[in-house]
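Residue numbers start from 1 in every chain, and the chains themselves are labelled A, B, ... in the order their sequence lines are given, proteins ahead of strands.
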Amino acid sequence: MQPQYQMGYDRAITVFSPDGRLYQVEYAREAVKRGTTAVGIKCADGVVLIVDKRVSSRLLEPVSIEKIFRIDTHIGVASSGLVGDARSLVDRARVESQINRVSYDEPIDVEVLAKKLCDHMQVYTQFGGARPYGTALLIAGISDDEARLFETDPSGTLLEYKATGIGTGRPAVMKVFEDEYNEEAGFADAIKLGLKALHAATEGKFDVNTVEIGVVSLEEKTFRKMEPEEVKTFVEQYEE
Amino acid sequence: MQPQYQMGYDRAITVFSPDGRLYQVEYAREAVKRGTTAVGIKCADGVVLIVDKRVSSRLLEPVSIEKIFRIDTHIGVASSGLVGDARSLVDRARVESQINRVSYDEPIDVEVLAKKLCDHMQVYTQFGGARPYGTALLIAGISDDEARLFETDPSGTLLEYKATGIGTGRPAVMKVFEDEYNEEAGFADAIKLGLKALHAATEGKFDVNTVEIGVVSLEEKTFRKMEPEEVKTFVEQYEE
Amino acid sequence: MQPQYQMGYDRAITVFSPDGRLYQVEYAREAVKRGTTAVGIKCADGVVLIVDKRVSSRLLEPVSIEKIFRIDTHIGVASSGLVGDARSLVDRARVESQINRVSYDEPIDVEVLAKKLCDHMQVYTQFGGARPYGTALLIAGISDDEARLFETDPSGTLLEYKATGIGTGRPAVMKVFEDEYNEEAGFADAIKLGLKALHAATEGKFDVNTVEIGVVSLEEKTFRKMEPEEVKTFVEQYEE
Amino acid sequence: MQPQYQMGYDRAITVFSPDGRLYQVEYAREAVKRGTTAVGIKCADGVVLIVDKRVSSRLLEPVSIEKIFRIDTHIGVASSGLVGDARSLVDRARVESQINRVSYDEPIDVEVLAKKLCDHMQVYTQFGGARPYGTALLIAGISDDEARLFETDPSGTLLEYKATGIGTGRPAVMKVFEDEYNEEAGFADAIKLGLKALHAATEGKFDVNTVEIGVVSLEEKTFRKMEPEEVKTFVEQYEE
Amino acid sequence: MQPQYQMGYDRAITVFSPDGRLYQVEYAREAVKRGTTAVGIKCADGVVLIVDKRVSSRLLEPVSIEKIFRIDTHIGVASSGLVGDARSLVDRARVESQINRVSYDEPIDVEVLAKKLCDHMQVYTQFGGARPYGTALLIAGISDDEARLFETDPSGTLLEYKATGIGTGRPAVMKVFEDEYNEEAGFADAIKLGLKALHAATEGKFDVNTVEIGVVSLEEKTFRKMEPEEVKTFVEQYEE
Amino acid sequence: MQPQYQMGYDRAITVFSPDGRLYQVEYAREAVKRGTTAVGIKCADGVVLIVDKRVSSRLLEPVSIEKIFRIDTHIGVASSGLVGDARSLVDRARVESQINRVSYDEPIDVEVLAKKLCDHMQVYTQFGGARPYGTALLIAGISDDEARLFETDPSGTLLEYKATGIGTGRPAVMKVFEDEYNEEAGFADAIKLGLKALHAATEGKFDVNTVEIGVVSLEEKTFRKMEPEEVKTFVEQYEE
Amino acid sequence: MQPQYQMGYDRAITVFSPDGRLYQVEYAREAVKRGTTAVGIKCADGVVLIVDKRVSSRLLEPVSIEKIFRIDTHIGVASSGLVGDARSLVDRARVESQINRVSYDEPIDVEVLAKKLCDHMQVYTQFGGARPYGTALLIAGISDDEARLFETDPSGTLLEYKATGIGTGRPAVMKVFEDEYNEEAGFADAIKLGLKALHAATEGKFDVNTVEIGVVSLEEKTFRKMEPEEVKTFVEQYEE
């Protein structure tokens, strides 16, 4: 619970608190912390994104809980936090990618796209009339024959990671990665590590239907979401 | 009753609370929870929408309580929550459908339409100067020879269901569906199940005049609202 | 009296309360409840609108208290609540009707007009910078050889009634209608019933000068306000 | 004194109180009640407007306290309440009259003008960013060979009277009119009655210099302000 | 000191208090009451404006404390209250005068100019986003061979006086004028009376350097500020 | 410290307090009072501006603490208060000067420029959406063969002085000037007097590097900042 | 902790406190004080910028924590404070540089660029609708064969330093510089001094990977970031 004397700073979106913090941005980060866990891992073969889609009911079409999005042929994104906000950012990312293709006739650089999204998110932390985005993104892609993995947050901060996680399970995920991450691994081992991290984050409660995997391959320079059977294979391998 | 220290967050529409929630969006969901119950069921023949139109007076023309709306030849919508807000969203949906026909000379994809509506609803949760919509929608339609059933809520979240309900009776409806839903059923059985769910939700207080049924048929690829006699037949079958 | 902790919700116009209500809209409804009583009755001959114009002083020209308005040749409206707001809505209705005639060369459909007015009223419940309308309307007209009678309220909700009432006397009016309404009646009996309802609503305090009657005739497809002598005849018949 | 819990409603201009009232409009009416008294009387010869211009100092040019304004050849207006607001409304009335002459080549109808002014005043009660007008007007004129006398108030309500008063002395004025008004009277008797009413309203404290009289004559179809000597004659007749 | 329950009305600029007053306008009048005293006197020869420019330091160039402004050849203005606001109004007055000359090829009528300034000031009392002007003006000029003397205040009220004063010393000034004003006087006697009034207002503390005199002459139809020596002569005459 | 009940007036920028003051303007004056001291002195040779640039660290380039600015060939300005605000006003002054040269092909009149800056500053005291400037300026220049020295403050008030000071040391400076100012002095004596005043204001803590001197010469009609060696000479002369 | 009665001033961005301070600007400075330490040192060879990039996790790509930015061939910038704000200012700086090249066909002057950035930052301290920037910059470059080193802060103040630091470690850094700075040093000694200062600021916790060095060379007139090996050499030299 917030002590009473801080209420003033919380209300007005574009205002600093006496200690130089932007509460609204930190509260937006809380929205991310309540989101489902997503992990991203760079490896020798490219980048892997894995998401835990906790489906609460058998009546829900799991396919409709989209947490991994294809932005362009060579870029994919995983999100955590407010679902509507994520969709809005994903739409923006797709438009930016298309504009780049139309303007320069080549795919957008992953870092350029990531910066554009962060610049957009920063604006919502400085100007009045709107709240910050309540969403974090993992942006994975291939540019100049290199695999890249960026993480954004509601403040518009941009960081590049070898392996990282967003959402509820972030602390558990990071602990696994700090201990076991190996950048020489191939896709198979990277996915294994990601599943182990998610397993830790969800305290073991996830099954094949709740896992979604996206990969950007250095060789093929393309992003694709894995088919459910493919995912199944990896989960089964992991479970052994 | 809300404790006093939270009042600040409630007032300003586009603001996060310290725990990362958007109160205004959650209060808008309360408006939905106070609405009449609507159910949607995917089945082997297509999708069924059933609404409980509680008519409080014999002086009211039941036909004027419109809870199921035809959006396009192949799409229908059921709503719950604020009536004026629902009409505003339905108008928007119709316009989007017509724009698609004019621009591409083909019917709009059900999922595309559902996303457009959700994007629109999300904007009202992020920008100042307006409140979120106090309405949930069930969007049923046929695209690519497949039956689709989407549910939206005031946050702009979009989920696809096999069977679902919105409004006051949602918990009762979901309980019936979790237990008895069968996706192999035809229209007749699906409607039976829907009526059973509504019966549970309304504690048995509904008669032929208060039920409205809409169906999208996979075979005909069209949405239509059933005539009162047709509805009557199903209700009578059910009552037996 | 409102308890102190709710003040926050009342002030900001486009804001939900924790239980999903829009207080400003409900307060606007209070303005309607303080208005003079108006009734509308569908019958075999068309629709009847009757208004109780309580004239407080012999110095007032009763003709200037306009509560029934002609919108187009085939549509009339009765209002209750804030007088200035009603005039603003009536002006809008007249303009919409004229636009329809100019655009399509035919009279506007009654339901289309009613929806347009409600859409307009809904906007004032969702966007900031203005308050909702403090007025309810009874909209009576003929379209497609059918008599129609709609009721709007400050939320922009639209309902069609066989017989209904707005303003201070609504509860008393509805009680009379629930008991005695007969849709087979002709104009004479419908007016009689309406006067009886108004009589109940005003606790007997109304005379010929305070009653205004408008009728839309199915046969002539036109709306007209009755001349004072005509009204007098009906009131005298009723008083016998 | 207002109890503390109502302060919230007073501040925000376009907001309803829980009982459906618009406090700002009612407070604007208080501004009118503090204004100098003006009366209007329809009679067989036309309409009479009489105003009590309480001049507090011999240094003030009485002619500069303008409370009766000529709007067009056939229309005059008397005001009470905030002086600057009245001038703003009078300007608007004159412009509307000129627009009518330019557009249709004929004098504006008195009722049309009165409605236009009220519509304008209503806008200031519904939209934010400005306060309501703190002024009431008596609008007198001739249209279609008929004398008309309208009264407006800050809410934008429009009423037609046989005889009425605005400002501080309204209750005293209305009492005199209720008892003694006779619509068969000519100008002389009407002015006598008006002076009597003003006398009652000012508790006898008014002299020839503080009274301003305007008349619209049915015969001549023109509005004019009486010359001081003419006024003097009537006052002297009255005082006898 | 204001009692606590009134604070709400003070803050919001365009809002009525429960008793129909506009506090912000009344507070702006307080700013005028804190200003230096200025007097205006109509006499047989024209109009005289006299201002007390209290110079607090010998380092200040007295000429820079401008309290009397030439607006056009035939109009001069004296101000009291906020200095920056006065300059803004004076600029506006000059522009209006020039526009009149350009549009109609003749000098602006004094009353027309005074009304335009008041209309401008009234707007700042009704619309949000700005505060009222904290300045009063005495507007002196010749139109149609007549001398005119108007006084404005922050509400936009316009009054014509034979003799009047604004600023701190107004009550003392008015007392002198009520007792001794004589409209038959020539410039010399009028200036004498004005100096006597200022003397009363400043409790005798003023010398030749702190007095500024402007005159509009009926004969020459021009406004001019007196040269310091001229002023000196009058002050010396007065002091004798 | 402000008593609690006045907080309301402080917050809203364009609002009067009950005693007719604009608190925000007075608080902006506090920002000026916290600024470094600057003095201006008119003398027989022109105008002198002297500023005390307290350099707190040997790491700072003294040249970067600009407190005296050249606006045009014939005008210089000294500032005190918020540094960023001063730069913004100086930019505006330079642009106004250039506009004058482009429009009229002659240097801007010093008083005209000073009034333009004050008009600009006044706007920020009357309209919402921005705070007043927290800066005072001394504006020195030559127009029509005359030396001029103006002082502005956050309210937009404009005063012309023979000798004056702004910033922290103003009271000490004015005391020296009141006692010893002599308008017959040449540059050398005027600078001596200015240094004495600054010495008093800084309680003796200033050395050659912290003093900046600008002069406008009547003979050359140009403004220039003195070179450090020149300044040094005067300071040394003074110290003797 | 702020005492309660000051809360009002904190909330509204463009408002002075009673003592003439802009709290929001001071709070933004707190955001800078929480940032990583950056130092800038002018020396005989040009300017050196050194930043301590504390990398908290081995999973983070250190290259993505960009604290030193190349603005143009001859200008580099180091930032401390909010990361997103810094990126926004850097983008602006790059655009201003390109505009200068396009408009005048020559590189932008370092001081001109620094002033443009500060003017931009000042606007955010005076106008409503946005918060001040929570970032300080060190701007290093070569213009007119001279090395320049500017420091900005959230108020838009601009100062030129011989050697300075921003961020958490500023006090420790300045202490080292005050004692040991020597403007005759070459790059090698300047970097040594900078590392010593950073060492003091971070209490010895920094290694080769967390230090980033940028230099503008007087000889080559270009800015470049040092390669990691180069940095390593200097750090190792320093550690000896």
Side-chain angles (χ1 to χ4, degrees), chain A residues 1-15 22-35 53 55-66 80-92 121 124-125 127-136 154 168, chain B residues 3-22 24-25 40-42 111 114-116 118-129 132 146 148-165 173-179 181 183:
Chain A
M1 194 189 125
Q2 295 298 118
Q4 191 151 8
Y5 75 92
Q6 290 183 335
M7 286 184 57
Y9 312 113
D10 306 335
R11 244 175 275 170
I13 193 170
T14 61
V15 166
L22 297 165
Y23 278 126
Q24 273 298 305
V25 171
E26 309 209 0
Y27 297 169
R29 282 184 182 129
E30 292 299 317
V32 173
K33 285 189 196 151
R34 298 161 62 108
K53 311 194 306 182
V55 178
S56 50
S57 155
R58 74 169 184 103
L59 299 169
L60 203 54
E61 298 279 11
V63 84
S64 82
I65 308 177
E66 210 178 2
S80 186
L82 299 188
V83 176
D85 286 23
R87 211 173 47 237
S88 165
L89 284 171
V90 162
D91 285 353
R92 189 166 191 96
M121 291 170 87
Y124 286 75
T125 73
F127 295 86
R131 59 167 174 81
Y133 281 92
T135 301
T168 303
Chain B
Q4 190 151 10
Y5 75 92
Q6 291 182 337
M7 287 184 55
Y9 311 113
D10 305 335
R11 243 175 276 172
I13 193 170
T14 61
V15 166
F16 285 100
S17 69
D19 59 347
R21 296 161 73 202
L22 297 165
Q24 273 299 306
V25 170
I41 305 163
K42 273 205 273 194
E111 188 170 0
K115 280 190 176 165
K116 273 181 190 289
C118 284
D119 289 349
H120 180 68
M121 291 170 87
Q122 187 269 340
V123 167
Y124 285 75
T125 73
Q126 190 169 20
F127 294 86
E146 232 184 311
R148 311 293 299 266
L149 172 62
F150 294 97
E151 179 186 323
T152 70
D153 83 346
S155 74
T157 301
L158 183 68
L159 289 172
E160 186 165 15
Y161 277 94
K162 291 185 175 92
T164 187
V173 163
M174 294 312 270
K175 192 155 178 300
V176 171
F177 288 167
E178 291 278 356
D179 293 348
Y181 175 73
E183 62 192 292

Revision key, fill the gap. For B:Glu151, the side-chain hydrogen bond (donor to acceptor under 3.5 Å, both in side chains) test, sequence neighbours excluded, returns B:Thr164, B:Arg170
Review point. With a 4.5 Å limit on heavy-atom distance, are the side chains of A:Glu66 and B:Leu158 in contact?
Key: no
Exercise for review: Evaluate the side-chain proximity of B:Arg21 to A:Arg34: yes if any heavy-atom separation is below 4.5 Å, no if none is.
Suggested key: yes
**Study point:** From B:Phe177 atom CZ to A:Ser57 atom OG, the distance as rounded to the nearest 0.5 Å
**Key:** 11.0 Å
Review point. For B:Gln126 and A:Asp85, what are the C-alpha separation, side-chain angles and deciding distance, and is it a side chain to side chain donor-acceptor pair (under 3.5 Å)?
Key: CA-CA 8 Å; B:Gln126 190 169 20; A:Asp85 286 23; 4.5 Å; no
Check your understanding: Which heavy atom of A:Glu30 sits nearest a heavy atom of B:Asp19, and at what distance?
Key -> CB-C, 3.6 Å
Review point. Is the shortest heavy-atom distance from the side chain of B:Tyr181 to the side chain of A:Leu59 under 4.5 Å?
Key: yes
Review point. Does A:Arg87 use its side chain to pair, donor to acceptor, with the backbone of B:Gly156 at less than 3.5 Å?
Key: yes
**Study point:** salt_bridge(A:Glu61, B:Lys42) N-O dist < 4.0 Å
**Key:** yes
**Study point:** Side chain proximity check, B:Glu160 to A:Leu60, heavy atoms < 4.5 angstrom
**Key:** no
Review point. Rounded to the nearest 0.5 Å, how far apart are CD1 of A:Ile65 and CG of B:Leu159?
Key: 6.0 Å
Review point. Would you call B:Glu183-A:Arg58 a salt bridge at under 4.0 Å N-O?
Key: no
Point to revise | Closest heavy-atom pair and its distance - B:Phe127, A:Ala130 | key: CD2-CB, 3.7 Å
Check your understanding: Can you tell if the side chain of A:Leu82 reaches within under 4.5 Å of the side chain of B:Leu22, non-hydrogen atoms only?
Key -> yes
Check your understanding: Who are the side-chain contact (heavy atoms from CB on, under 4.5 Å) partners of A:Ala28, not counting sequence neighbours?
Key -> A:Pro132, A:Pro154, B:Phe16
Point to revise | A:Ala31 to B:Gly20 - nearest heavy-atom pair and separation | key: CB-O, 3.3 Å
Practice item. Tell me, for B:Met121 versus chain A, whether the close heavy atoms (under 4.5 Å) come from the side chain, the backbone, both or neither. Key: neither
